[in-house]
Amino acid sequence: MLKSSDLLWMYEKMLLLRETEEKAVELSFKGEIGTLLSGSGQEAIPVGICKNLLPEDHYAPSHRGISTVLAKGGDPKYLFAELFGKPAGYCKGKGGEMHIADFKDGMIGMNGIVGAAIPIATGSAFAQKKKNLNTVTVCAFGDGASNQGVFHEALNMASIWKLPIVYVCENNQYAMTTPVSYALSVENISDRAKSYSIPGVTVDGNDVLAVYEAVHEAVERARKGEGPTLIECKTYRKYGHHAGAGNDEQMGWGYRPKTEEAYWKSRDPILLFEDYLMAKAVLTESKIKLVREKVKKEIEEAVEFARKAENPKPEDALEDLFA
Amino acid sequence: MRQIMLIQAINEALREELLRDENVFLIGEDLHTATFGQTKGLFEEFGPERVVSTPISEAGFTGISTGAAIAGLRPVVEYMTSNFMYVAMDQLVNQVGKLRYMYGGQINIPIVFRALNIGGGAAAQHSDNSADYFLHAVGFKVVMPSTPYDAKGLLKSAIRDDNPVIFYEEMKTFMVKGEIPDEDYVVPIGKGDIKKEGKDVTIVAAGYPRVLASSVAEKLEKEGISVEVVDARSLYPIDEDLILESVKKTGRLVTLDDAPLNGSFASEIAALVAEKGYSYLKAPIKRVTRIKVPVPHSKIEEEYVLLNEAKVINAVKDVVNY
Ligand SMILES: Cc1ncc(C[n+]2csc(CCOP(=O)(O)OP(=O)(O)O)c2C)c(N)n1
C-alpha cells in the first residue's frame, strides 16, 4: 500500500517532469535549444514505473520525453546542460534531446532509432538474470515501435528465457502522424503478449496509480523469475510529434481531431492525480502551490546552470568513441 | 524554362511518373502527411493505393517492396532519413542487391530507394549520409543530385531503370533553385556534369558538397584561383572519363564527401585518379570529409566534425600551393 508520502513523491515527480518538458518547449521556441520530441502529458507512466524501481534496477525510457531521465533520480541541471550541448550534460552534450542516458541512476538510454532500444534493454535483463542480481529492467517505447521486427524478436527471447523485464508501451495513439487505428493489426498492443505466452495488460496511462499497480505486479513477477510482462498504457501526447520550433503546425501536419485533443486535455494526468489527492486529503490548495513553486524554482536554477556551463572545445568531438 | 527548388523538382518527378505508369507507387512512413514535403499533395491526388503509408517497419516494407518489384510493380520507397536504411540492411544488401544475380537473371528488380540525408543538427542517429555503404554493396546504382534539373531528371531515370537505384535527397540542398524545362526529360545515370569550368584545380563532389564546392569556387576566383567543379551526380556508376579529363586539364584534385573518410566516395575518386590519371597530377590529391566520429549534438562540436567551406578552401589552397 502506498503511503501519503509515496503519493506526494509521485505528485512532485510528475510536476517536475511536466515543468521540465514545458521549459524545454519554451527554450526550443526561443531557439536556445533545437527541436524537441516532448512527452508532456505522459508523465504518469515514467513516474508510475519508477515508483516500483530500486536504484539498482534498470530503466530504458522511450525516445519521447527528455524528462523521464528525472523520474529515476536524475538531476535537471545535467539534463538541461545536455540539451544545451554542454560538457556538463549527462552525455557531455553529445547525445542531446533524443539520446540521453544516466547510467549512474540506472537510466540505460533513450534511442533515436524507433524500436532499437527494445532488444538492448532485453540484453540488460539477460545480464541481470545471468548474474543472479535479482534486479529488473523496464523497457518503455511507443505504439509505433511495437510494429518493428525487433519488438517481436526480443519479446520472444525474453519469454523463452524468462528474463526479468517489463515492457511498457506508451500508446499515445500516433506514430508521428500515423494513427494506431491504421497501423496496428490488433486492437490493443497488449494483445500481442499472447503470441509470446506472457501476460499482457492494458491500463489507463494517464492514471499514475493504475500504471503503478500494473508495473508493480509485473516487477514482482520478474523478480520471482517468472519472466516478462507487456503493459500497454493508453495515453496521449500534449503536443504534436515535434514540440517547440518546427512543431507540427509549422510543418503543416494536421492529423489530430480537435475534439480528441480536448478530450485528452480534460484527462491531464497531473490534474487527475491532483483531484484524487485532494479528495483523499493528501493535498491541499496551499500545498499544491508550494510544490509547484518549489519545482519551478528547481527548473529555473537548472536552466541557469546549463546556460552558464562551459562550452565544449571543438576537439571534444573526438573523445569517447573508443574505450 | 521555370525556376523551381530542388524539393519541388523531386515532387514533380514523382507526380509525373505516377501519372505516366500505373505500376509506379510510393511507399514509406507517414507518406499521407508528406513528412518533409517531398511528396506534398501526392496522397491527396493519387490515394492510399498509389501512395502507401506504412507502419514503422523499415525491414518489412523494404522486403515487401522488393517482392512487389519482382512481381511487376515499380516501387519508390522512402526512408524518412537515410539512417533508417540500416534497419533494413539485410533486405537491402543481402536481398535486393543480390537476388537477380543469384537467380541467374530470371528477374528484374525495378525499385527506387529515396533516402533523405538530413546532414546534421539532429545528432548521431539522424545525421548520416549512408551512400558510401551502398557503394560498397553490390547490385545498386547510387545517385545524389544537387540541382533541381538533375534531381528531376535523375529521379525519372531511376524510376524507369530496371535495377535497384538509391536516390539521395540532401536536405541541405532542398532550397537550391534552378531552371527546368517544361517538357519531359531524363538525366542519365552514370553521367557527371561540369558545373563550373576552371584551370587550376578540380573538385569532384555530389549533393550538398557540390554546392559547397561551387561557393568555394566563386570565392577563390576572386583570389585568382580557378576551380573546376565536377558534379559526379552518380556515385555509382562513376563517370570516370569526365573526372579524368578534368584532372588532365587542371593537374590537381580535391574530392569531397559528407561522410567519414575511410571507404568513402572521396577515397574512391582519389584512388581512381591515382590509378588511371597519375601522370596528370602536379600535386598530391586531397580528400575533404567528415571526421570519423558519430555526429555530436553539441553545435560547436558538430561544426568541427562536418564539412564546411573553410575546410574545402584550405584543401584547395594546399594543392594549389604545393
Ligand atoms: C527506425 C526509425 N524509423 C523512423 C523514425 C522516425 N520517427 C521518429 S519518432 C517516430 C514515431 C514513433 O512513434 P511511437 O513509437 O509510437 O512513439 P511516440 O513518438 O509516439 O512516443 C518516427 C516514425 C525513427 N526515428 N527511427
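Note on naming: letters A, B, ... go to the chains in the order of the sequence lines (proteins, then strands), and numbering restarts at 1 for each one.
- Note that OG1 of T66(B) is 6.5 Å distant from CD1 of I109(B), once rounded to the nearest 0.5 Å.
- The aromatic ring centroids of Y255(A) and H32(B) lie 6.0 Å or more from each other.
- Put simply, of E58(B), E303(B), K40(B), the one with the most heavy-atom pairs under 4.5 Å next to chain A is E58(B).
- Between D258(B) and N117(B) the shortest side-chain heavy-atom distance does not fall below 4.5 Å.
- Contacts of K86(A) with chain B are absent, with no heavy-atom separation under 4.5 Å from either backbone or side chain.
- Ranked by heavy-atom pairs shorter than 4.5 Å toward chain B, the options G96(A), G115(A), G34(A), A317(A) are led by A317(A).
- Contact of D320(A) with chain B is not made at all, since no heavy-atom distance falls under 4.5 Å.
- When side chains are defined from C-beta on, H241(A) counts as touching M176(A), because their heavy atoms get closer than 4.5 Å.
- When each of K94(A), K313(A), Q148(A) is scored by its heavy-atom pairs under 4.5 Å with chain B, the top score falls to Q148(A).
- The parts of I113(A) that come within reach of chain B are both its backbone and its side chain, each placing non-hydrogen atoms under 4.5 angstrom from that chain.
- Contacts of E315(A) with chain B are made by both backbone and side-chain atoms, with heavy-atom separations under 4.5 Å.
- Both the backbone and the side chain of I300(B) come within contact range of chain A, each with at least one heavy atom under 4.5 Å from a heavy atom of that chain.
- Side-chain contact between E170(A) and C233(A): absent, with no pair of heavy atoms (C-beta onward) separated by less than 4.5 Å.
- K219(B) is listed as a side-chain neighbour of E309(B), based on a closest heavy-atom distance under 4.5 Å.
- Of the inter-residue distances, the one linking E232(A) atom CD with D191(A) atom CG reads 7.5 Å to the nearest 0.5 angstrom.
- Classified by interplanar angle (parallel below 30°, tilted 30° to 60°, perpendicular above 60°), the ring pair Y79(B)/F113(B) is parallel.
- Residue F151(A): no heavy atom, backbone or side chain, is found under 4.5 Å from chain B.
- Contact of L83(A) with chain B is made through the backbone alone, with heavy-atom distances under 4.5 Å.
- Ranked by heavy-atom pairs under 4.5 Å with chain B, the list T177(A), N111(A), N147(A) is led by T177(A).
- Using a 4.5 Å cut-off between heavy atoms, T81(B) makes no contact with chain A at all.
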